[in-house]
Amino acid sequence: MKRKNWLLLLTFAFVLSVLAACSSDNTNVSTDSDDSEKKSDEKVLNFLNPEAIPSMDPSLATDESSFIYLGATMEGLYRLDNATQPSPGIATKHSVSDDGLTWTFTLREDAKWSNGDPVTANDFVYAWQRAVNPDTGSEYGPYMMNGVIKNASAISSGELAVDQLGVKADGDYTLVVELENPTPYFETLTTFGTFLPLNQKFVEEKGDSFATSSDNLLANGPYTISNWDSTSNSWVLAKNDNYWDASTVQMDKLTFEVVKDPQTALNLYEKGSVDRMDLTSDLVDQYSTDENYVVSADTFVYFLKFNQTTSEALANQNIRLAISRAFDKEALVNEILNNGSIVANGLVPTDFTPMPETGEDFRKVSGDLVSYDLEAAKEYWAKGLEELGTDKVELEFLADDDVTTKTLIQYVANQLSTNLEGLTVNIKQVPKEQRLDLDSNMQYELQLSRWGPDFLDPFTFMNLWVTDGGNNKTGYSNKEYDQLVGDTATKYATDNVARYDNFLKAEKLLFEDAPIAPVYQASRAQLVSPKVQGVFVNPFGATYEYKWADVGE
């Protein structure tokens with residue numbers, strides 16, 4: 001689909017209305033005038049997106065953009081509010097059994113899909129079963145539900161039928177969920193995209209076409225999406241009049257356009273064509289005193305992934321340990337990014353979660369586990385080369401194709417090649433959707449990846465690297481690590497002190513094995529028009545919440 005310029009479209013529409021008025025009688029002139037006035041009263045905000053939306057299928061989505069637009073067009077049991085607390089969505093309330101294993105949700109009876117069908121408990125049962133069904137090929141279904149919802153692990157591994165999942169409909173408007181173990185953060189889990197409902201009849205009618213275009217989607221949230229297919233560079237969110245809380249939604253439309261070039265984005269912002277843009281490092285100093293300059297701390301952590309199955313060199317622990325320490329992260333965040341991002345020397349981000357007894361930040365207690373240390377890097381490198389019986393290593397470095405990422409990986413590749421004698425790094429940049437596919441199929445060697453939390457607990461980061469985990473995709477396996485992380489959801493499910501002690505031990509072990517190398521924790525430096533009101537930035541789940549968006553003066 002061709003990229004559409006929204007100003008051009010509005011101008012064209014205006015010209016047509018004027019021509020129609022000039023060629024009609026007085027009655028039609030009055031009607032056209034009323035229509036024109038109504039159109040001018042529309043509330044519209046215009047935004048950019050760094051890439052096309054990889055997926056609008058809740059079972060298959062794995063990335064930030066997908067979950068943002070799923071969150072805008074759909075609604076689960078609960079939705080995060082401006083205080084990052086679960087607020088009523090399709091569920092109006094819930095109760096939990098004394099043993100913490102059975103959660104019963106009461107659903108509202110006025111919720112509808114955009115085709116007019118009621119949203120029922122069966123829609124959740126179908127969607128959750130679909131997410132853990134191995135035939136679906138979902139990464140997030142098993143990741144989010146295994147070890148949490150009863151029988152999810154056995155179902156996702158093909159040992160049990162999907163109808164054995166611990167989720168049942170008790171009539172149309174009561175959903176009963178059985179858990180494997182007490183999970184105090186389960187309420188926040190239900191706000192996440194993987195737990196969204198699906199209209200079974202619609203999904204099965206569409207078949208392979210489901211979620212591939214606007215015509216093959218249903219919404220039950222604040223907005224519907226139009227002018228979108230899987231390759232679109234622009235799309236529109238329009239107010240969903242069938243949404244149960246439509247009276248709260250103030251915006252008529254939100255438009256989005258994919259722009260990867262920072263200067264193009266800046267030009268659009270300065271013209272007033274878009275209302276928010278991300279600033280790259282070379283623009284931060286220029287605009288840091290602008291009254292509309294905003295820096296938002298983020299909980300996304302970027303890291304290098306080492307694929308131990310496609311590279312003999314990366315299967316060597318000493319080689320991984322060397323690469324982890326061979327690039328200057330302080331220079332990277334201060335000079336290359338220059339947007340408020342901070343060095344990451346561990347996996348769980350700074351200011352994300354406190355320790356249960358002391359309230360100290362987990363990151364501070366766990367400490368710096370992988371710092372820039374050129375001397376140590378060279379020692380590990382020499383050991384690794386000796387073990388491999390070679391003096392040269394060549395690696396392919398996979399990353400997204402946006403401008404900021406290009407500058408960043410060129411810096412890292414240069415640092416590695418300069419600091420580790422005999423190392424050649426070949427850069428491969430591809431669109432994000434293609435990178436995600438290559439990652440899923442483990443068709444890479446070295447990769448720049450990232451993770452943002454899906455719920456407010458260290459488990460959302462630590463569970464990534466368990467053996468054969470849906471998001472592991474590195475070939476890493478350590479039984480001790482698996483046990484430490486697994487016990488936080490089973491043996492110590494109700495003992496938060498013991499859970500966090502296990503998380504500390506697991507994170508230390510992770511970086512002794514070095515399946516990944518932490519790089520930085522992101523921040524966003526942006527120019528945001530003052531007329532953008534009520535758009536919340538979430539520390540986990542969908543990055544942006546648009547339900548309460550409005551236009552200010």
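Please read these numbers as outputs of a predicted model, since none were measured by experiment.
Sorted by first and then second residue, the salt bridge (Lys or Arg N to Asp or Glu O under 4.0 Å) pairs with a member in residues 201-221 form an empty list; sequence neighbours excluded. For the side-chain hydrogen bond (donor to acceptor under 3.5 Å, both in side chains) condition, no pair includes a residue of residues 164-184, sequence neighbours left out.
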Quiz: residues 136-145 side-chain donor-acceptor pairs under 3.5 angstrom, not counting sequence neighbours:
{"residue": "Thr136", "atom": "OG1", "partner": "Arg130", "partner atom": "O", "Å": "2.7"}
{"residue": "Ser138", "atom": "OG", "partner": "Ser59", "partner atom": "O", "Å": "2.5"}
{"residue": "Ser138", "atom": "OG", "partner": "Tyr140", "partner atom": "N", "Å": "3.4"}
{"residue": "Ser138", "atom": "OG", "partner": "Gly141", "partner atom": "N", "Å": "2.8"}
{"residue": "Glu139", "atom": "OE2", "partner": "Ser440", "partner atom": "OG", "Å": "2.4"}
{"residue": "Tyr140", "atom": "OH", "partner": "Asp454", "partner atom": "OD2", "Å": "3.4"}
{"residue": "Tyr143", "atom": "OH", "partner": "Thr460", "partner atom": "O", "Å": "2.4"}
{"residue": "Tyr143", "atom": "OH", "partner": "Thr460", "partner atom": "OG1", "Å": "3.4"}

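Between Phe362 and Phe461, the gap from one ring centroid to the other reaches at least 6.0 Å. If you look at Tyr269 and Tyr287, their ring centroids are not closer than 6.0 Å. You'll find the ring centres of Tyr69 and Trp235 inside the 6.0 Å limit.
Scanning for side chain to side chain contact (heavy atoms under 4.5 Å, CB included) contacts around Ala219 gives Thr73, Ser114, Thr224, Asn240, with sequence neighbours left out. Applying the ring pair (Phe, Tyr, Trp, His ring centres under 6.0 Å) rule to Trp128 yields the partners Phe195; only residues at least two apart in sequence or on another chain are considered. Applying the salt bridge (charged side-chain N to carboxylate O under 4.0 Å, His left out) criterion to Glu109, with sequence neighbours excluded, gives no partner residue.
The one candidate from Asp401, Asp400, Asp402 that meets the salt bridge (Lys or Arg N to Asp or Glu O under 4.0 Å) condition with Arg435 is Asp400. The only member of Tyr544, Phe192, Phe540 that meets ring pair (Phe, Tyr, Trp, His ring centres under 6.0 Å) when paired with Phe67 is Phe192.
Ion pair Lys43/Asp550 flagged as a salt bridge, since at least one NZ, NE, NH1 or NH2 atom sits closer than 4.0 Å to an Asp/Glu carboxylate oxygen.
In this model, a donor atom of one side chain and an acceptor atom of the other lie less than 3.5 Å apart for Trp113 and Asp123.
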